[in-house]
J.: 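Before I ask anything, let me first share the structure, which is written out below as structure tokens.
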There are 2 protein chains.
Amino acid sequence: MEEVNKVAKHNNEQEALNHYDSNDYITPDGYTSDIAVFTIISKKNNEKTKEPDNKELKIMLIRRASYDSEGEPNIEANKWALPGGFTDGMKRETAMQAAERELEEETGIKGIFLKHFGVYDAFGRDKRGWIISNAHYAIVPEQKLIKRKAADDADDVRLFTIGEALHLELAFDHWKIISDAVRLIERDLIETTIAKNFLPEAFTLSELQRVLLTVSDNPRITSKSVFFAKVPKLPFVEKVYDREGNLKKTERNSFRPSQLYTFNDVDIVKSIWE
Amino acid sequence: MEEVNKVAKHNNEQEALNHYDSNDYITPDGYTSDIAVFTIISKKNNEKTKEPDNKELKIMLIRRASYDSEGEPNIEANKWALPGGFTDGMKRETAMQAAERELEEETGIKGIFLKHFGVYDAFGRDKRGWIISNAHYAIVPEQKLIKRKAADDADDVRLFTIGEALHLELAFDHWKIISDAVRLIERDLIETTIAKNFLPEAFTLSELQRVLLTVSDNPRITSKSVFFAKVPKLPFVEKVYDREGNLKKTERNSFRPSQLYTFNDVDIVKSIWE
DNA sequence: CGAATAGTGTCTTTGAGACACTATTTG
DNA sequence: CAAATAGTGTCTCAAAGACACTATTCG
């Protein structure tokens with residue numbers, strides 16, 4: 001009985017498949033990924049004193065070439081845009097894989113945190129047709145960026161503050177994608193532990209504090225004593241020890257060695273009903 | 001000078017557009033929307049006492065027909081599946097609009113809360129080809145469901161508890177989509193005010209409590225005195241008044257009238273760093 | 001010792017949580 | 001008054017926030 005059903009089912013399945021033809025429908029003209037790449041970089045605020053640098057949230061944009069790789073005029077040429085491009089159907093890519101590949105091809109960055117945050121599929125968003133874009137945001141820690149410092153000054157890939165970026169002439173609906181991304185990353189820095197992606201594996205409390213200060217002026221974060229007292233007690237951060245079991249410290253920010261911390265994998269759910 | 005640039009640009013743009021042909025690339029074979037429809041329904045736990053009904057989170061699934069609308073064998077026939085279907089390129093729909101339309105066509109429900117939560121685009125997820133699905137979850141308040149009560153007992157649309165649903169033979173990758181949706185809605189009920197979509201515009205504290213109890217056993221929610229003391233002080237709920245400015249109450253749950261509350265639009269961000 | 005960053009102690013006030021008590025209505 | 005849900009008062013203990021104080025290193 002079961003066997004018979006299975007066979008019958010298989011036949012129907014085969015028939016159904018044979019009957020399906022995607023040419024019966026209008027299908028999308030393209031499936032792309034865009035990536036809003038964020039980093040936090042030091043902002044020298046006073047050359048004379050030894051006051052620690054403040055940090056600032058920046059976004060990486062590329063300038064679209066006048067001509068494409070085949071020498072033909074490019075659409076939305078010369079405008080600033082998010083890195084990204086078409087998902088390659090030949091490679092059987094997912095949108096996330098396309099995002100990783102495009103990011104490396106266009107900016108030389110790989111192995112960083114990527115998060116999908118939205119789909120942009122309104123008709124008319126791209127003059128070439130029905131083109132669906134998956135939007136992601138990415139986080140580059142400052143140290144990784146230093147490796148490609150020279151390239152940052154290039155004419156075609158540049159870091160902008162959020163305010164600058166939203167005043168540029170941007171391609172497609174990238175103004176909307178960028179503002180959505182900014183709203184989201186600011187919220188995620190407060191509500192989740194994504195801050196870890198801006199930091200080295202082992203970080204000091206003041207380094208963490210400076211990251212959070214780029215998006216919040218809440219007294220729990222701005223006040224040194226409150227922040228320094230609270231963070232070591234949070235369930236998702238822990239002190240770093242060396243091989244001998246001693247507390248690991250660093251002097252990179254001060255004369256006095258400071259304790260290194262790291263994020264563990266504790267996931268917390270913050271109830272709004274408490 | 002500016003004028004000249006504009007003209008030049010326009011020409012290039014036109015050339016670029018003429019050069020673009022989506023047939024140069026492999027494009028997706030379909031762009032669909034799936035909807036995980038949740039509701040919370042009363043569960044009679046004791047017919048003898050007047051103990052208030054407990055509530056339970058349920059999901060609505062449809063059974064895929066053996067034959068499609070043209071009388072041809074259907075793919076994944078007879079399996080249970082999320083309602084959903086193809087985005088209609090002719091109608092220039094977005095995935096969200098397709099979700100709303102399909103939901104009404106397949107289950108008769110409209111005008112409810114819908115939230116996009118993910119994209120499923122792995123190759124092989126649908127045997128018909130490269131088919132991308134946008135997943136949404138939807139919330140139906142119990143009252144809306146009563147209107148189509150008869151239909152619930154139908155053979156093709158049914159409510160299941162989460163446990164039941166995940167043990168059915170499900171079509172495509174719907175097992176994964178459903179478990180992602182469940183994880184998300186449970187989290188959102190705790191971290192956001194989506195609970196309001198399960199409730200009437202004006203609700204009592206005990207009604208709200210019963211909704212939250214379907215996903216949490218946290219003492220702040222289970223303990224009556226704690227919950228009743230805290231919720232009226234939360235910034236995003238407020239008491240309901242009638243036209244004369246008197247407190248509005250209801251007797252639908254008890255002999256003693258109870259105060260009605262409503263959600264306002266205050267959006268709160270719960271910091272994990274506090 | 002002065003400068004610079006790191007980190008602690010202490011005091012006051014606020015709020016969380018437990019639990020028993022009071023309130024309002026019907027039959 | 002019994003039953004049923006709604007809602008409050010009070011007590012204890014823990015944690016939040018402010019701010020002044022101590023610690024470590026360099027030159």
Side-chain angles (χ1 to χ4, degrees), chain A residues 42 45-55 202-211 213 216-235 237-240 246-261 268 270-274, chain B residues 42 44-55 202-213 216-235 237-240 246-261 268 270-274:
Chain A
S42 300
N45 42 359
N46 195 330
E47 289 292 346
K48 286 169 200 157
T49 72
K50 286 198 174 175
E51 193 185 334
D53 298 338
N54 285 326
K55 307 248 176 175
F203 56 88
T204 66
L205 296 181
S206 59
E207 286 164 352
L208 171 60
Q209 187 184 32
R210 284 195 287 267
V211 167
L213 283 175
S216 173
D217 54 0
N218 186 302
R220 276 163 238 162
I221 290 169
T222 56
S223 154
K224 201 183 84 170
S225 66
V226 171
F227 189 80
F228 275 59
K230 190 104 14 103
V231 174
K233 284 189 255 168
L234 294 173
V237 288
E238 45 192 52
K239 289 189 166 73
V240 177
N246 303 312
L247 289 168
K248 199 167 171 189
K249 309 207 171 196
T250 181
E251 281 142 69
R252 64 189 176 221
N253 301 306
S254 64
F255 297 128
R256 174 175 176 177
S258 53
Q259 179 62 48
L260 287 167
Y261 290 83
I268 74 161
K270 266 284 175 182
S271 171
I272 62 168
W273 309 103
E274 68 184 19
Chain B
S42 300
K44 280 263 168 291
N45 42 0
N46 196 329
E47 290 292 348
K48 285 167 200 158
T49 72
K50 286 198 175 176
E51 191 183 338
D53 298 338
N54 285 327
K55 306 245 173 176
F203 55 89
T204 66
L205 295 181
S206 59
E207 286 165 351
L208 172 60
Q209 186 184 32
R210 283 195 286 267
V211 168
L212 298 177
L213 283 174
S216 174
D217 55 0
N218 186 305
R220 275 163 239 162
I221 290 169
T222 55
S223 155
K224 199 184 89 170
S225 66
V226 172
F227 189 81
F228 275 59
K230 191 101 14 104
V231 173
K233 286 189 253 166
L234 294 173
V237 288
E238 46 191 53
K239 290 188 164 75
V240 177
N246 302 313
L247 289 169
K248 199 168 173 190
K249 309 208 171 199
T250 180
E251 280 142 68
R252 64 188 176 224
N253 301 306
S254 64
F255 296 127
R256 175 176 175 177
S258 53
Q259 178 62 49
L260 286 168
Y261 290 83
I268 73 162
K270 265 285 176 182
S271 170
I272 61 169
W273 308 103
E274 69 184 16

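For clarity, every value in this text was computed on a predicted model and none was experimentally measured. Below, read A as the first sequence line, B as the second, and so on, with proteins coming before strands; counting in each chain starts at 1.
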J.: For the side chain of B:Phe255, counting heavy atoms from C-beta on, which of C:dA6, D:dA6, D:dA4 is nearest?
T.: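 Comparing C:dA6, D:dA6, D:dA4 against the side chain of B:Phe255, the answer is D:dA4.
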
J.: Output the rounded distance in Å from CZ (A:Phe227) to P (D:dA16).
T.: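 Those two atoms, CZ and P, are 14 Å apart.
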
J.: Provide, to the nearest angstrom, the distance between the NZ atom belonging to A:Lys239 and the C1' atom belonging to C:dA6.
T.: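 Those two atoms, NZ and C1', are 12 Å apart.
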
J.: What closest approach, in Å, do A:Leu234 and B:Ile272 show between heavy atoms, and which atom pair accounts for it?
T.: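 Heavy atoms only, the tightest pair is CD2-O, 3.7 Å.
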
J.: Nearest 0.5 Å please: distance from the OG atom of A:Ser206 over to the CG atom of A:Asn253.
T.: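 Between A:Ser206 OG and A:Asn253 CG, I get 5.0 Å after rounding to 0.5 Å.
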
J.: Can you measure B:Glu207 atom CD to D:dG7 atom C1' for me and round it to whole angstrom units?
T.: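 So the two atoms are 15 Å apart, to the nearest Å.
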
J.: Rounding to a whole Å, what distance do you find between B:Trp273:CH2 and D:dA16:C1'?
T.: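 About 18 Å, once rounded to whole Å.
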
J.: Within less than 4.0 Å of OP1 or OP2 of D:dG17, is there a side-chain N or O belonging to A:Ser225?
T.: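 No, A:Ser225 has no side-chain N/O under 4.0 Å of OP1/OP2 on D:dG17.
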
J.: Of B:Pro232 and A:Ser223, whose closest DNA chain D nucleotide lies nearer the 5' terminus?
T.: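 The residue whose closest nucleotide sits nearer the 5' end is B:Pro232.
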
J.: D:dA20 P sits how many Å from A:Phe228 CZ, rounded?
T.: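 Interatomic distance, CZ of A:Phe228 to P of D:dA20: 18 Å.
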
J.: Under 4.0 Å, heavy atoms only, any strand: does A:Glu251 hit a base, just the sugar-phosphate, or nothing?
T.: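 Nothing, no nucleic acid heavy atom in range.
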
J.: Using heavy-atom distances to pick each residue's nearest nucleotide on DNA chain D, tell me which of B:Arg256 and B:Glu274 is more 5'.
T.: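 Counting from the 5' end, the first nearest nucleotide belongs to B:Arg256.
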
J.: Take the protein atom CG of A:Leu247 and the nucleotide atom C1' of D:dT24, then report the distance between them rounded to whole Å.
T.: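 The distance from CG of A:Leu247 to C1' of D:dT24 comes to 15 Å, rounded to the nearest Å.
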
J.: Could you please spell out the steps behind the side-chain contact (heavy atoms from CB on, under 4.5 Å) verdict for B:Phe203 and B:Val237?
T.: CA-CA 10 Å; B:Phe203 55 89; B:Val237 288; 4.3 Å; yes

J.: If you draw a 6.0 Å radius around NZ in B:Lys270, do more than 12 non-hydrogen atoms from other residues or ligands fall strictly inside?
T.: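 Atom NZ in B:Lys270 is packed in, count exceeds 12.
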
J.: Spell out yes or no: do the side chain of A:Lys230 and the base of D:dA16 have one donor N/O and one acceptor N/O closer than 3.5 Å?
T.: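 Donor-acceptor pair under 3.5 Å: no.
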
J.: So, does A:Arg220 get its side chain near the phosphate of D:dA16, meaning an N or O under 4.0 Å from OP1 or OP2?
T.: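 Checking A:Arg220 against D:dA16: no side-chain N or O falls below 4.0 Å of OP1 or OP2.
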
J.: For B:Lys248 and B:Gln259, work out which heavy atoms get closest and say how close.
T.: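 Result for this residue pair: O-NE2, 3.2 Å.
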
J.: Output the rounded distance in Å from NZ (B:Lys224) to C1' (C:dA18).
T.: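 Checked: the NZ to C1' distance equals 14 Å.
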
J.: Can you tell me how far P of D:dA6 sits from CG of B:Leu208, to the nearest Å?
T.: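 So the two atoms are 12 Å apart, to the nearest Å.
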
